[in-house]
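Below is one structure; the comments refer to it alone.
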Amino acid sequence: MTDLPEYLASVDDLFDTNADGGGFIDYDAATDFGDEALTLLKEEVQPLVDHGEYGLVFQILAHLMLKIDHVDIDDSDGEIMMIMSASDDLWEAVLTKADADVQQQVFDWLCKQLTKSLNIIEDTLDDLLFTYFKTPAFIDAKLVYTAKRFRAVQKHPDLWDYDWQIKKWLKHYLQMMSAAHVPDKQIIKFCGANLAIPQVRLFYSQFCLQHQDEAHAVQLLKDGKKLVTDDPSMLAELSRQLKDAYQQLGEQQLYRQELWQLLTEYAPADEMLFSELKQSYPTTDWPAVREQLLTAIAKNSNVDLKPLYVQENLLNPLLKAVVAADGLWDLRIYEPLLKPRFSDLLLAKYDHEVRKMATTTGTRRKYQQLVGILKRMLAYPAGKSTVQAIVHDWQQQYPRRSAMMDELSRLNW
C-alpha cells in the first residue's frame, strides 16, 4: 500500500470484518480482531516508521484511536489494551523523530480531541500531550491551552464528571505554570482566587514552602482540612502535606501529632506512615507509644492490623487475629510466620474451618478443595491424627456423598 486512504481502509476492515450485523465484536471475534490489529501495526505501520514516514504513521494511529474509542466489543481478554500498548512505541517514534510540522499536526489534533467527550482513549491522548512537546513554544502553547480548558470546565459545574475534569485540568495548568516559569505574582494571584479547590491549596502550600513562607503554607493546609471533612482522600492528602511541612519546620511534636491523626483517622493502619512515626521516636520509647497507637487504630471499624503486627513481629496478637478471622484466607497468608511457634493452634483452626466447609454439599471440585486442605494439614506435627479423625467423622456423617468419599479415598497418607 502506498497512500493514506488504503491504510485507513485497512484499519476500517479490522472493525468491519470482525463485527456482527449490529456492529458488535463478540468475545470469539475479539481474539481475531486483536491478532489482526497487532499484525497490522507490526507488518504495515512499523515499516513506515522505519522509513521515516511519520506523518503517515500519525494519520493511521489517529484513525485507529478514534475507531477504538467508539467500538462496541467484548474484550474480556484485553485486546483493546494490547492494541493501545502496541501503539506506544509508534507514537513515541512520531513524537520524538518527526519534523516540526508533523509534531504541530499531532499537537493540534490532541488538543482538539481532548475538548471532546471521549471514552477509553482519553487517558492515552492526555498522556501523549503532557509527556511529549517539551520545547518552550509547546510549553507556552500548553499553558494557554490548559488555562482555557480549566476555565471551560469551571463554567459547567453540572457536568457529571465535573470534579474529575476540574482536578485534571487544574493539575495540568499548575504543572504548565511551573514548566513555563510563570512569574510568582501571577501564580499567587491564581492560587488566591481558587483556594476553594483543594488541589490549589496543595500546590500553593508547596509553593509557599519552596519560597520559605512556612507559616502561610501551614495555615493553608490547616484551613484546607476544615473545608474537606466530607472528602476522606483529600483530607488525607492535605494531612500528609501538613505533616511534611511540620517536619521541614522542625516542629517535632506537631509532626508526630499529624502522623498520629493520619494513622488513626485519615489513613488507618497505613504501613509506611506507621514506620515513619516509629522512626521519629527513640527505640526505648517506641513500645509504649506503639501499644497506645495500635489501640487507637483498632477503634476504626474493619481496620486490618495484621500487617502492622507482622511489621513489629508481634506474633501473639497476629495469631489471635488470624484465628478470629473467618475462613482460611488469613491463615494461608501468615502461616509461614506463625507455624513454627503455633502449629497446634493453626491446626485447630484448619480443623474447625474444614469441618464447617463440609457441612454443605457441593460439586466434586469442592471436595477436591477439601482434600487439598487435608493434605496441607498433614504437614503439621499432629496433622495425621487430626486428618484421620476428620475423615472418620465424614465417613460416618456423609456416607451418601459418593463424590466426597471417592476424593477422600485418593488421600495419600
inquiry  = Using only atom types and a distance under 3.5 Å, with no angle test, would you say the side chain of D69 pairs donor to acceptor with the backbone of I120?
reply    = yes
key: P268 versus V303, closest heavy-atom pair with distance   = CB-CG2, 3.9 Å
inquiry  = Tell me the closest heavy-atom pair linking S76 and D74, and the distance in Å.
reply    = OG-OD1, 2.5 Å
request  = Using the ring of Y281 (Phe, Tyr or Trp, six-membered ring only), decide whether R256 places NZ or CZ under 6.0 Å from its centre and within 45 degrees of its axis.
outcome  = yes
key: For the student: nearest non-hydrogen atoms of L262 and A236, plus distance   = CD2-O, 3.7 Å
task = Take D285 and K278 through the salt bridge (charged side-chain N to carboxylate O under 4.0 Å, His left out) test and state the conclusion after the steps.
result = CA-CA 9 Å; D285 294 346; K278 178 180 180 178; over 6 Å; no
request  = Would you please say whether a donor-acceptor pair under 3.5 Å links the side chains of S280 and Q252?
outcome  = no
task = Answer yes or no: are there more than 12 heavy-atom neighbours, outside D326 itself, under 6.0 Å from its atom CG?
result = no
query = Looking at F15, does the NZ or CZ of K67 lie under 6.0 angstrom from its six-membered ring centre and within 45 degrees of the ring axis?
reply = yes
message = Apply salt bridge (charged side-chain N to carboxylate O under 4.0 Å, His left out) to residues R355 and D351 and explain how you reach the verdict.
response = CA-CA 6 Å; R355 288 178 182 273; D351 189 342; 2.5 Å; yes
message = Nearest 0.5 Å, please: how far is NZ in K349 from CG in D330?
response = 8.5 Å
key: Test applied, side chain to side chain donor-acceptor pair (under 3.5 Å); reference residue, Y255; option that passes from E276, Q248, K243   = E276
message = Quick one, T360 with K366, criterion side chain to side chain donor-acceptor pair (under 3.5 Å). Give me CA distance, side-chain angles, the key distance, then yes/no.
response = CA-CA 10 Å; T360 57; K366 174 180 178 176; 2.7 Å; yes
task = State whether a side-chain donor-acceptor pair under 3.5 Å links D50 with Q46.
result = yes
query = Any side-chain donor paired with an acceptor under 3.5 Å for Y27 and E79?
reply = no
request  = Could you grab the distance from atom CD1 of I373 to atom CZ of R332, nearest 0.5 Å is fine?
outcome  = 5.5 Å
request  = For atom NZ of K356, decide whether the heavy atoms of other residues, nucleotides or ligands shown that lie under 6.0 angstrom number more than 12.
outcome  = yes
ask   = Got a donor-acceptor contact below 3.5 angstrom from the S85 side chain to the M81 backbone?
value = no
Between CG on residue L170 and CG on residue N194, distance to nearest 0.5 Å = 7.5 Å
message = Strictly distance-based, threshold 3.5 Å: is any side-chain N or O of D77 a donor or acceptor partner for the main-chain N or O of T31?
response = no
key: Lys/Arg cation over aromatic Y204: R201, 6.0 Å, 45° cone   = no
ask   = If you round to the nearest 0.5 Å, how far is CG of L374 from CG of L408?
value = 7.0 Å
Derivation and outcome, side chain to side chain contact (heavy atoms under 4.5 Å, CB included), residues E335 and R376 = CA-CA 11 Å; E335 188 174 24; R376 196 178 186 95; 2.9 Å; yes
ask   = Would you find more than 12 non-hydrogen atoms of other residues, nucleotides or ligands less than 6.0 Å from K185 atom NZ?
value = no
query = Yes or no on ring pair (Phe, Tyr, Trp, His ring centres under 6.0 Å) for W260 and F274, after CA distance, side-chain angles and deciding distance?
reply = CA-CA 9 Å; W260 186 283; F274 189 86; 9.9 Å; no
message = For a quick test of reading the model, state the closest non-hydrogen atom pair linking T115 to Y145 and the distance between them.
response = CG2-OH, 3.7 Å
query = Does one side chain, of H211 or D184, offer a donor that lies under 3.5 Å from an acceptor on the other?
reply = yes
key: Within 6.0 angstrom of N302 CG, more than 12 heavy atoms from elsewhere   = no
note = Closest heavy-atom pair, L273 versus A267, reported as atoms and distance to 0.1 Å, is CD1-CB, 4.0 Å
message = Please tell me whether W169 and Q165 have a donor and an acceptor in their side chains that are separated by less than 3.5 angstrom.
response = yes
query = Do the two ring centres, one from Y162 and one from H156, sit under 6.0 Å apart?
reply = no
key: Intermediate values then yes/no, salt bridge (charged side-chain N to carboxylate O under 4.0 Å, His left out), D406 and R410   = CA-CA 7 Å; D406 183 45; R410 303 171 190 269; 3.0 Å; yes
query = H51 side chain to P47 main-chain N or O, any donor-acceptor pair under 3.5 Å?
reply = yes
E258 with K225: basic N within carboxylate O range, under 4.0 Å = yes
key: From CA spacing to verdict: salt bridge (charged side-chain N to carboxylate O under 4.0 Å, His left out), E407, R365   = CA-CA 10 Å; E407 292 301 326; R365 177 59 181 158; over 6 Å; no
task = Taking all heavy atoms of A147 and all of Y173, pick out the closest pair and write down the distance.
result = CB-CE1, 3.4 Å
E291 atom CD, neighbour heavy-atom count above 12 within 6.0 Å = no
message = Check the orientation of F207 and F203. Use parallel for under 30°, tilted for 30 to 60°, and perpendicular for over 60°.
response = parallel
inquiry  = Please report the interatomic distance CD(E53) to CD1(I60), rounded to the nearest 0.5 Å.
reply    = 9.5 Å
key: Side-chain donor-acceptor pair present, D231, S233, cut-off under 3.5 Å   = yes
request  = Would you sort out whether H216 and L220 count as a side chain to side chain contact (heavy atoms under 4.5 Å, CB included), showing the intermediate values?
outcome  = CA-CA 6 Å; H216 193 191; L220 284 166; 3.9 Å; yes
query = Can you check ring pair (Phe, Tyr, Trp, His ring centres under 6.0 Å) on Y334 and Y309, steps first, answer last?
reply = CA-CA 11 Å; Y334 300 107; Y309 293 149; 9.3 Å; no
Residue Q210 excluded, over 12 heavy atoms near CD under 6.0 Å = yes
ask   = To the nearest 0.5 Å, what is the distance between NE2 (H172) and CZ (R149)?
value = 11.0 Å
query = Quick one: do the S275 and Q311 side chains pair a donor with an acceptor below 3.5 Å?
reply = yes
F133 six-ring face occupied by K142 cation (under 6.0 Å, within 45°) = no
